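Working notes, beginning with the structure itself.
Since this is a predicted model, take the numbers as computed values, not measurements. Below, chain A is the first sequence line, B the second, and so on; all start at residue 1.
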Amino acid sequence: VITYTIVIDALCKSGRISDAYHILEDMLKAGCPPNLVTYNSLINGFCKLGNMSDAMELLKQMTENSCSPDIFTYNTLIDGYCKLEKAWEGYKLMKEMSDLGCEPNFITYNTLMDAFVKAKKFSEAFNVALEMLDSDCGPSRFSFNLMIDMFCKVGQLEIGYELFQLMTDRGCVPDIYTYNIMISGACKANRTDHAMQLLERMCEAGCPPDIITYNAIISGLCKGCQAHEALELYEVIRSAGLCLDIVTYSTLIDALCKIRRMDDAERLLREMESNGCPPDVVAYTIVIHGYCKANQLDKSLEFFSELLEKGCVPSLITYSIIIDKLCKSGRVSEGCMFLKTMMENGVVPDAIVYTTVIDGLCKSDSYKEAYEVYKLMKETGCAPNVVTYNVLVDKLCKTGRLDEAIQMLEVMEEEECFPD
RNA sequence: AUCCUUUGAGAUCA
């Protein structure tokens with residue numbers, strides 16, 4: 001059995017699921033009954049391929065063969081659902097296993113929390129965190145890191161700090177992830193002062209900052225309009241013996257763009273190239289955005305071509321930035337054309353690009369066309385957000401079409417999109 | 001045999 005199981009697991013991990021399944025059939029024929037681990041390995045194989053129906057089928061089959069699923073089985077299945085963005089199915093399965101007398105462990109909770117956070121379902125994630133803390137599953141350092149991160153992401157720094165204390169009390173030693181998560185959280189909440197304190201604290205705790213730590217701080221400083229301070233860190237990083245990575249460079253380039261030092265930004269882009277760190281889409285997009293803000297659309301378009309020449313694939317954000325600038329430079333029809341090109345290149349528009357175009361059309365007095373785009377976005381299953389409605393309502397109000405504006409507010413209410 | 005967490009780019013507003 002062990003030999004068979006090892007082979008099955010290896011086949012599953014290299015994606016050869018049907019071969020693995022044949023071995024299971026051979027085992028059954030040869031009168032060598034698969035054990036729990038055999039089934040778990042195969043279920044994991046199906047789950048990793050996103051084939052939940054076959055995975056669930058195996059769950060049934062193993063039960064019939066008097067092999068009861070254990071915590072590994074359920075965790076594997078829950079993770080399978082989570083990776084398919086069906087965290088709710090995973091959550092239901094957790095309740096089910098609990099009812100069947102198999103208590104979830106910290107891995108079960110970690111899996112679900114991570115999935116809910118990635119789907120931005122924070123209240124659900126919060127709920128799972130509470131269930132975990134209430135249980136006696138003994139959350140791991142990993143669990144605490146996940147929880148702290150999710151509270152930081154919703155701006156609840158204080159809870160993050162409390163959890164930091166709690167984990168220490170429970171004998172979990174904070175690691176570099178913990179510190180980086182908290183530093184990034186503090187930076188995002190515009191508390192670079194806290195971030196700096198944490199930086200000192202981690203050094204004292206014998207956990208030296210890494211490039212990710214500095215990247216987080218640089219990004220925080222840039223957001224707080226302290227681009228100059230961010231640029232000073234360049235030297236600090238060097239003297240700490242760390243290498244700048246692609247994120248450091250892009251963040252610094254963004255800082256330079258924000259203070260309109262486009263020449264320096266461009267120089268740094270060239271420098272990263274010669275330092276063996278070739279710019280990616282994000283780096284190019286930052287420069288493109290910088291030139292847009294500096295009213296040099298021609299330069300932006302030059303960098304757009306360069307990006308294509310270098311074999312980078314423009315992202316939704318790259319397109320959005322150029323579309324926005326085209327619209328705002330009175331070249332709305334070109335903006336619309338660009339949107340079309342983008343879609344032809346297989347990039348699926350989101351609410352932000354649609355809103356960008358709608359805004360462009362509104363501002364060029366083409367409410368009718370704007371409304372057409374709004375309808376199109378709804379037809380394609382893209383939900384308009386508050387900003388979309390703000391743009392439309394603003395235009396209606398400014399042109400004295402108050403009745404239609406009020407109607408629009410009613411639509412918002414129907415869609416549970418609440419005015420801000 | 002199961003989770004693998006932290007850092008960079010986009011839209012409205014007097």
Side-chain angles (χ1 to χ4, degrees), chain A residues 5-6 8-9 12-13 35-45 47 70-80 82-83 105-115 117 140-150 152 175-185 187 210-220 222 245-255 257 280-290 292 315-324 327-328 350-360 362-363 385-395 420:
Chain A
T5 302
I6 291 171
I8 286 179
D9 188 47
C12 285
K13 293 216 162 110
N35 67 16
L36 190 55
V37 180
T38 323
Y39 280 114
N40 287 347
S41 299
L42 254 174
I43 289 177
N44 189 31
C47 286
D70 68 349
I71 184 80
F72 283 83
T73 324
Y74 285 112
N75 285 347
T76 307
L77 287 164
I78 290 172
D79 184 54
C82 287
K83 293 286 179 304
N105 66 5
F106 66 93
I107 292 187
T108 324
Y109 293 114
N110 291 350
T111 308
L112 285 167
M113 260 196 314
D114 187 45
V117 170
S140 61
R141 173 155 66 194
F142 190 94
S143 317
F144 279 109
N145 288 346
L146 277 171
M147 282 190 280
I148 295 174
D149 182 47
M150 76 182 226
C152 287
D175 63 0
I176 183 105
Y177 280 94
T178 323
Y179 286 106
N180 286 348
I181 288 166
M182 302 227 315
I183 286 177
S184 132
C187 287
D210 62 4
I211 191 67
I212 295 185
T213 322
Y214 286 110
N215 289 345
I217 293 177
I218 292 175
S219 148
C222 293
D245 68 3
I246 196 159
V247 177
T248 328
Y249 279 115
S250 352
T251 313
L252 288 170
I253 292 174
D254 197 31
C257 289
D280 62 359
V281 223
V282 178
Y284 275 114
T285 303
I286 290 169
V287 173
I288 290 171
H289 189 206
C292 283
S315 70
L316 176 58
I317 299 184
T318 320
Y319 283 109
S320 310
I321 289 168
I322 295 177
I323 291 171
D324 184 46
C327 289
K328 291 200 167 66
D350 67 354
I352 297 186
V353 226
Y354 276 125
T355 304
T356 303
V357 172
I358 292 172
D359 182 53
C362 283
K363 297 246 156 73
N385 62 23
V386 213
V387 181
T388 321
Y389 286 110
N390 286 347
V391 169
L392 290 167
V393 168
D394 182 58
K395 184 66 191 172
D420 58 4

Check: With sequence neighbours excluded, what pairs up with Asp9(A) under the side chain to side chain contact (heavy atoms under 4.5 Å, CB included) test?
Finding: Lys13(A), Ser41(A)

Notebook entry, point to check: With sequence neighbours left out, what residues match Lys328(A) under side chain to side chain contact (heavy atoms under 4.5 Å, CB included)?
Noted result: Asp324(A), Asp359(A)

Notebook entry, point to check: Can you name the residues that form a side chain to side chain donor-acceptor pair (under 3.5 Å) with Tyr179(A), not counting sequence neighbours?
Noted result: none

Describe the nucleic acid contact of [X] in one word from base, sugar-phosphate, nothing, applying a heavy-atom distance below 4.0 Å.
X         : value
Lys395(A) : nothing
Ala283(A) : base
Ser315(A) : base
Thr111(A) : sugar-phosphate
Asn105(A) : nothing
Thr285(A) : base
Val391(A) : sugar-phosphate
Thr355(A) : base
Asp324(A) : sugar-phosphate
Asp280(A) : base
Val386(A) : nothing
Asp70(A)  : base
Leu316(A) : base
Ser250(A) : base

Note to self: With heavy atoms of chain A within less than 4.0 Å as the criterion, where does contact along RNA chain B begin and end?
What the structure shows: A1(B) to C13(B)

Note to self: Going by the rule salt bridge (Lys or Arg N to Asp or Glu O under 4.0 Å), which residues pair with Asp149(A) if we only count those two or more places apart in sequence or in a different chain?
What the structure shows: Lys153(A)

Item checked: Partner residues of Asp210(A) under the salt bridge (Lys or Arg N to Asp or Glu O under 4.0 Å) criterion, sequence neighbours left out -> none

Check: To the nearest 0.5 Å, what is the distance between CG (Asp254(A)) and NE2 (His289(A))?
Finding: 8.5 Å

Note to self: Given Ser143(A), which partner from the list Asn110(A), Asp114(A), Ile148(A) fulfils the side chain to side chain contact (heavy atoms under 4.5 Å, CB included) test?
What the structure shows: Asn110(A)

